[in-house]
Amino acid sequence: MNELTEQAVREEVRTWLKENWDPELSLMKWRSLLADSGWGAPGWPKKWFGRDLPINLVQVVQEEIKNHGAVGVAQSGVRMLAAATLLEHGSDDQNEKYLRRILTGEDNWCQLFSEPGSGSDLAGLTTRADRDGDRWKINGQKVWTTSAHHAQYGLLLARTDWDVSKHLGLSYFVIEIEQPGVEVRPLRQMNGHASFNEVFMTDASIPADMLVGTLNQGWQVAMTTLAHERRSADGMRQMGSIARGKGSIFDELAAETETVMEPYKWYPQRAGRADLMVDRAKETNKFQDPVVRQEIAKALILNRASQWTARRAREAQMLGRPQGPEGSLGKLAASHVARAAARVHTLISGADAMLKGSDGPLDGIIAEILLSVPAVSIAGGTDEIQRNIISERVLGLPKEPRTDTGRPFRDVPRNLAST
Ligand SMILES: Cc1cc2nc3c(=O)[nH]c(=O)nc-3n(C[C@H](O)[C@H](O)[C@H](O)COP(=O)(O)OP(=O)(O)OC[C@H]3O[C@@H](n4cnc5c(N)ncnc54)[C@H](O)[C@@H]3O)c2cc1C
């Protein structure tokens, strides 16, 4: 895309912002304007609240909105994963029903994939969906479900055929969380936040038209969700941050951050906060220490290389290449950066890094980094699973021997009694 086009987009969005942005509008009204103008999600198709812009121009639009001091559309990881998945596999009715509300923030979403017996082995899940007239009846348990306690809808992967190989009998649904058959129980994690839940489904009900994609081909749909999740691992440091300014809209935004965005408050810390390393070293005089300087340099180099990897993936996307296993490289790099940065923070802060809250450095941010970084190596597929994907699907190395495919899932030995 040439300079002129970029300039044209800048001017168009600037003019639109001058004419429309008003910090005294309600958040809902402003986000509706963004959604209907296509500037809220400029990379989405024109048919669905977007402008069909390539990714580099999407960034230009985001920059202009930020520079203007305006608020963007609603953003949370799972909401955007739902949108990405629906844009690729959803029916027109599903897109009509959900996409605009995703941008305005009227609905919150969660991802009902992992189960107590199936995390890395996601295709081994045993939550079942049985057809019951014009609905599906759902029974089973999910775990680690971020934000389920705030969600109206869930992206559910469930087994619809037990007599085929494990990847071939799964289907993907949108499920309403607020119904009698769904019970959400919060869990508290070691960094003190309570982002996750256990979700129990007992004869929960889903209308037949809320199947996403084709029956028994839910694995392909789930791969779309996971590819987007892995690709966005690099953007975690922005999550949980909040735009500030004067006007009633910012009060509404702050209230939203306190409630529905609460589960993501610690996400910048889970990315390791490489951005804090140099200032912290200067503040504490550790900048003179050659070992600390060397470790900071190493972490910054890793961080920069990881940003370039992410940028390369975006460029590939701009050229129209589909999301591939390369997302795993970015996800793995994000884990390495987070761990390297956490190590540097311990070198700089020493034992003080263990102090929580106002007793600790940066009001406990350093302690929160140490307690949150392990999550990066687990969420969205563990480091080991990313390595398996890279070795098998990028490097073409031989696959791990498998004993659980090529026969009906019903006959695969597993440690749960349910069938
Ligand atoms: C912050 C966070 C948010 C999350 N949010 C959600 C969510 O919203 N929705 C959701 O559905 N899930 C969510 N998860 C769950 C996450 O997807 C799973 O935790 C992850 O896939 C790992 O599964 P598991 O915990 O069952 O570990 P297991 O699969 O039991 O793995 C245990 C260990 O064995 C290793 N291992 C397993 N299989 C292999 C193999 N084949 N080769 C080599 N090593 C292997 C793993 O790498 C790991 O070290 C979240 C997790 C975290 C940390």
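We count ligands from 1, going down the list as the structure has it; atoms in each ligand are counted the same way. Just so you know, these numbers use all the heavy atoms, side chains as well, and skip hydrogens, waters and symmetry mates. The residues of the chain are indexed from 1 along the displayed sequence.
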J.: Does Arg51 count as lying over the ring of Trp39, i.e. NZ or CZ under 6.0 Å from the six-ring centre, within 45 degrees of the axis?
T.: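 Pair Arg51/Trp39 counts as cation-pi.
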J.: Are any of the N/O atoms in Ser120 less than 3.5 Å from those in ligand 1?
T.: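 Yes, Ser120 has an N/O under 3.5 Å of an N/O on ligand 1.
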J.: Does atom 35 (C) of ligand 1 have any protein heavy atom closer than 4.0 Å?
T.: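 Given the 4.0 Å cut-off, atom 35 (C) of ligand 1 does not count as touching protein heavy atoms.
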J.: Return the CZ to OG distance between Phe49 and Ser37, rounded to the nearest 0.5 Å.
T.: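 So the CZ of Phe49 and the OG of Ser37 are separated by 11.5 Å.
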J.: Can you confirm whether some protein heavy atom lies under 4.0 Å from atom 53 (C) of ligand 1, or whether none does?
T.: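 Yes; the ligand atom in question has protein heavy-atom contact below 4.0 Å.
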J.: If we set the cut-off at 4.0 Å for heavy atoms, which region of Thr382 has an atom near ligand 1: side chain, backbone, both, or neither?
T.: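 For Thr382, the contact with ligand 1 is made by the side chain alone.
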J.: Taking the minimum heavy-atom distance to atom 6 (C) of ligand 1, which of Trp109, Tyr264, Trp144 ranks first?
T.: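 It is Trp144 whose heavy atom sits nearest to atom 6 (C) of ligand 1.
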J.: Taking atom 42 (N) of ligand 1 as the point of reference, which of Asn197, Asn388, Leu157, Val376 owns the nearest heavy atom?
T.: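 Among Asn197, Asn388, Leu157, Val376, the closest heavy atom to atom 42 (N) of ligand 1 belongs to Asn388.
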J.: Can you name the atoms of ligand 1, numbered from 1 with element, that are less than 4.0 Å from a heavy atom of Arg270?
T.: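 This gives 1 (C) as the contact atoms.
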J.: With atoms numbered from 1 as shown, which atoms in ligand 1 lie under 4.0 angstrom from a non-hydrogen atom of Glu384?
T.: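 Checking each atom against Glu384, I get 43 (C), 44 (N), 46 (C), 47 (O), 49 (O).
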J.: How many angstroms lie between atom CG of Asp132 and atom CD1 of Ile138, to the nearest 0.5 angstrom?
T.: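 Between Asp132 CG and Ile138 CD1, I get 10.5 Å after rounding to 0.5 Å.
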J.: Between Trp266 and ligand 1, is there a nitrogen or oxygen pair with a distance under 3.5 Å?
T.: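 No - when backbone and side-chain N and O of Trp266 are compared with those of ligand 1, no distance drops under 3.5 Å.
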J.: In the protein, what heavy atom is nearest to atom 26 (O) of ligand 1, and what distance, to one decimal place, separates them?
T.: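 Protein heavy atom with the smallest distance to atom 26 (O) of ligand 1: Gly119 CA, 3.3 Å.
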J.: Give a yes/no on ligand 1: does Arg387 have at least one heavy atom closer than 4.0 angstrom to it?
T.: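 Outside the 4.0 Å threshold, so no.
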J.: Against heavy atoms of Gln111, which atoms of ligand 1 measure under 4.0 Å?
T.: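 The atoms of ligand 1 under 4.0 Å from a heavy atom of Gln111 are 7 (C), 8 (O), 9 (N), 10 (C), 11 (O).
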J.: Does either side chain, that of Ser377 or that of Arg339, offer a donor lying less than 3.5 Å from an acceptor on the other one?
T.: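 Their side chains do contain a donor-acceptor pair, which is all the 3.5 Å distance test asks for.
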J.: Can you check whether a protein heavy atom sits less than 4.0 angstrom from atom 44 (N) of ligand 1?
T.: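 Within 4.0 Å of atom 44 (N) of ligand 1, protein heavy atoms are found.
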J.: State the CZ-CG distance between Arg128 and Asn139, to the nearest 0.5 angstrom.
T.: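 Reported value, rounded in 0.5 Å steps: 8.0 Å.
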J.: Give the atoms of ligand 1, by number and element, whose distance to some non-hydrogen atom of Phe113 is under 4.0 Å.
T.: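 Contacts of ligand 1 toward Phe113, numbered from 1: 11 (O).
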J.: Does the distance from a Lys or Arg side-chain N to an Asp or Glu carboxylate O, for Glu63 and Lys66, drop under 4.0 Å?
T.: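 Looking at Glu63 and Lys66, the cut-off is not met.
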J.: Roughly how far, to the nearest 0.5 Å, is the CH2 atom of Trp144 from the CG atom of Leu112?
T.: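 The distance works out to 15.0 Å.
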J.: What distance do Glu384 atom CD and Arg387 atom CZ have between them, rounded to the nearest 0.5 Å?
T.: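 Going from the CD atom of Glu384 to the CZ atom of Arg387 covers 6.0 Å.
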J.: Do me a favour and list the nearest non-hydrogen protein atom to atom 3 (C) of ligand 1 with residue, atom name and distance?
T.: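 Heavy-atom neighbour on the protein nearest atom 3 (C) of ligand 1: Phe196 CE2, 3.2 Å.
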J.: Once the angle between the rings of Trp109 and Tyr153 is folded into 0 to 90°, is it parallel (under 30°), tilted (30 to 60°) or perpendicular (over 60°)?
T.: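 Answer is tilted, since the angle falls between 30° and 60°.
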J.: Can you find a non-hydrogen atom of Lys142 under 4.0 Å from ligand 1?
T.: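 Lys142: no contact with ligand 1 (<4.0 Å).
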J.: If you draw the axis of the six-membered ring of Trp308, does the NZ or CZ of Arg312 fall within 45° of it and under 6.0 Å from the ring centre?
T.: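 Verdict for Trp308: no cation-pi partner in Arg312.
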J.: Hey, is ligand 1 close enough to Thr145 that some N/O pair sits below 3.5 Å?
T.: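 Looking only at distances, the answer is no, because the N/O contact criterion of under 3.5 Å is not met.
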J.: Considering only the protein, which heavy-atom contact is closest to atom 4 (C) of ligand 1, and what is its distance?
T.: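 Checking every protein heavy atom, the shortest distance to atom 4 (C) of ligand 1 gives Thr146 OG1, 3.6 Å.
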J.: For ligand 1, indicate whether the residue Leu122 contacts it via side chain, backbone, both or neither (heavy-atom separation under 4.0 Å).
T.: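 The answer is neither.
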J.: Can a salt bridge be assigned to the pair Glu400 and Arg402 using a cut-off of 4.0 Å between side-chain N and carboxylate O?
T.: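 Result for this pair is no, no salt bridge flagged.
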J.: With a heavy-atom distance limit of 4.0 Å, tell me whether Val78 approaches ligand 1 through its side chain, its backbone, both, or neither.
T.: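 Contact part for Val78 vs ligand 1: neither.
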J.: For the residue pair Gln111 and Glu229, confirm or rule out a side-chain donor-acceptor distance under 3.5 Å.
T.: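 A donor-acceptor contact under 3.5 Å links the two side chains.
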J.: Are any non-hydrogen protein atoms located under 4.0 Å from atom 32 (C) of ligand 1?
T.: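 For atom 32 (C) of ligand 1 the answer is no, since every protein heavy atom stays at 4.0 Å or beyond.
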J.: Which atoms from ligand 1 have a heavy atom of Ala375 less than 4.0 Å away?
T.: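 Heavy-atom distances to Ala375 below 4.0 Å select 1 (C), 53 (C).
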J.: Does Arg101 qualify as a cation-pi partner of Tyr98, given the criterion of NZ or CZ under 6.0 Å from the six-membered ring centre and within 45 degrees of its axis?
T.: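 Pair Arg101/Tyr98 does not count as cation-pi.
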J.: Look at atom 16 (C) of ligand 1 and say which protein heavy atom is nearest, naming residue and atom and giving the distance to 0.1 Å.
T.: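 I find the closest protein heavy atom is Ser114 OG, 3.7 Å.
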J.: Short question: side chain of Gln141, backbone of Thr127 - any donor-acceptor pair under 3.5 Å?
T.: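 Not at all, since once roles are kept as given, no pair shorter than 3.5 Å links the two residues.
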